[in-house]
Chemist: 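Shown below is the structure under consideration.
One is the number of the first residue; the rest follow in order along the sequence. Whatever order the structure lists them in is the order used to number ligands and atoms, beginning at 1.
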Amino acid sequence: MKIGVLALQGAFIEHINMLQSLGVEAVEVRLPADLEGLDGLIIPGGESTTIGKLATRFGLIEPLRHFAAEKPVWGTCAGMIFMAKEIGNGSAGRDQPLLGVMDVAVERNAFGRQVDSFEAELAVPVIQNGETRPFPAVFIRAPRLVAANGDAEVIARLPDGTAVAARQGHWLVTSFHPELTNDSRFHQYFLQLVENRKQGTGYRELAG
Ligand code: GLN
């Protein structure tokens with residue numbers, strides 16, 4: 001299994017380290033040719049406007065859309081914004097290029113200036129395999145999901161109900177940064193989506 005991490009800007013090294021610690025081959029993606037032979041792709045956190053502009057400059061937008069149509073892609077934080085079809089609540093900049101593959105609407109910087117970053121223990125049934133141990137989620141100037149449409153499904157919420165992770169078929173988005181923790185369960189969950197895609201099995205039978 002070979003996983004790419006979009007390495008234009010942001011927290012890509014941490015994803016690569018986490019993947020390698022799980023024994024998975026992980027490569028940095030900067031150009032369309034780097035997508036060849038990958039089984040899945042992670043789009044890291046960082047600054048979504050910058051990621052979108054650099055992706056446009058390097059001719060990556062269409063190749064990434066083609067890749068995402070076939071293969072699993074996971075966006076964390078800025079990566080989640082980049083994957084969304086819509087930025088809601090008036091925070092959309094017309095000059096912010098989006099991949100726009102996933103049927104979700106997001107709000108950028110949804111937790112306000114006072115709360116730049118915080119940690120929360122999340123109940124995420126799909127990664128807990130029946131255990132109760134919560135996931136330690138790190139939020140940094142994080143977006144939130146304001147809508148999950150079509151067959152996109154919210155898989156994690158803050159205690160106040162705010163939606164912070166979703167899956168739609170082979171696509172995954174999280175508002176937070178699992179690569180900044182020592183907890184690899186979200187990475188393992190993504191690798192399971194990749195494995196299922198490779199084997200041609202569906203997703204419905206995944207727990208949760
Ligand atoms: N606030 C950033 C954005 O809007 C996302 C922050 C992050 O990825 N940690 O793109």
Chemist: Considering the heavy atoms of Cys77, write down every atom of ligand 1 situated less than 4.0 Å from one of them.
Modeler: 5 (C), 6 (C), 7 (C), 8 (O), 9 (N)
Chemist: Might you point out which heavy atoms bring Arg185 and Phe135 nearest each other, and give the distance in Å?
Modeler: NH2-CA, 3.8 Å
Chemist: Nearest protein heavy-atom contact for atom 4 (O) of ligand 1: which residue, which atom, what distance?
Modeler: Arg108 NE, 2.7 Å
Chemist: Salt bridge (charged side-chain N to carboxylate O under 4.0 Å, His left out) for Asp116 and Arg141? Distances and angles first, verdict last.
Modeler: CA-CA 5 Å; Asp116 252 8; Arg141 290 183 295 285; 3.8 Å; yes
Chemist: Need the ligand 1 atom indices (1-based, order shown) with element for anything under 4.0 Å from a heavy-atom of Gly45.
Modeler: 8 (O)
Chemist: Identify, for atom 2 (C) of ligand 1, the protein heavy atom at the shortest distance, and state residue, atom and that distance.
Modeler: Gly46 O, 3.6 Å
Chemist: Can you classify the ring geometry of Phe176 versus Phe186 as parallel (below 30°), tilted (30 to 60°) or perpendicular (above 60°)?
Modeler: perpendicular
Chemist: Short question: side chain of Gln9, backbone of Gly46 - any donor-acceptor pair under 3.5 Å?
Modeler: no
Chemist: Any idea which protein heavy atom is nearest atom 1 (N) of ligand 1, and the distance to it?
Modeler: Asn109 OD1, 2.7 Å
Chemist: Within a distance under 4.0 Å of any heavy atom of Ser48, pick out the atoms of ligand 1 and give their elements.
Modeler: 3 (C), 4 (O), 10 (O)
Chemist: Say whether Ile140, considering both its backbone and side-chain N or O atoms, lies within less than 3.5 Å of an N or O atom on ligand 1.
Modeler: yes
Chemist: Any atoms of ligand 1 less than 4.0 Å from a non-hydrogen atom of Ile81? List them with their elements.
Modeler: 3 (C), 4 (O), 10 (O)
Chemist: Evaluate the ring planes of Trp74 and His187, with Trp represented by its six-membered ring, and classify them as parallel (under 30°), tilted (30 to 60°) or perpendicular (over 60°).
Modeler: perpendicular
Chemist: Under 3.5 Å between some N or O of ligand 1 and some N or O of Thr76?
Modeler: no
Chemist: Is it the case that the side chain of Arg197 and the backbone of Lys71 share a donor-acceptor pair, with hydrogens and angles ignored and the cut-off at 3.5 Å?
Modeler: no
Chemist: If you take all heavy atoms of Ala148 and Val154, which pair is closest and at what distance?
Modeler: CB-CG2, 4.0 Å
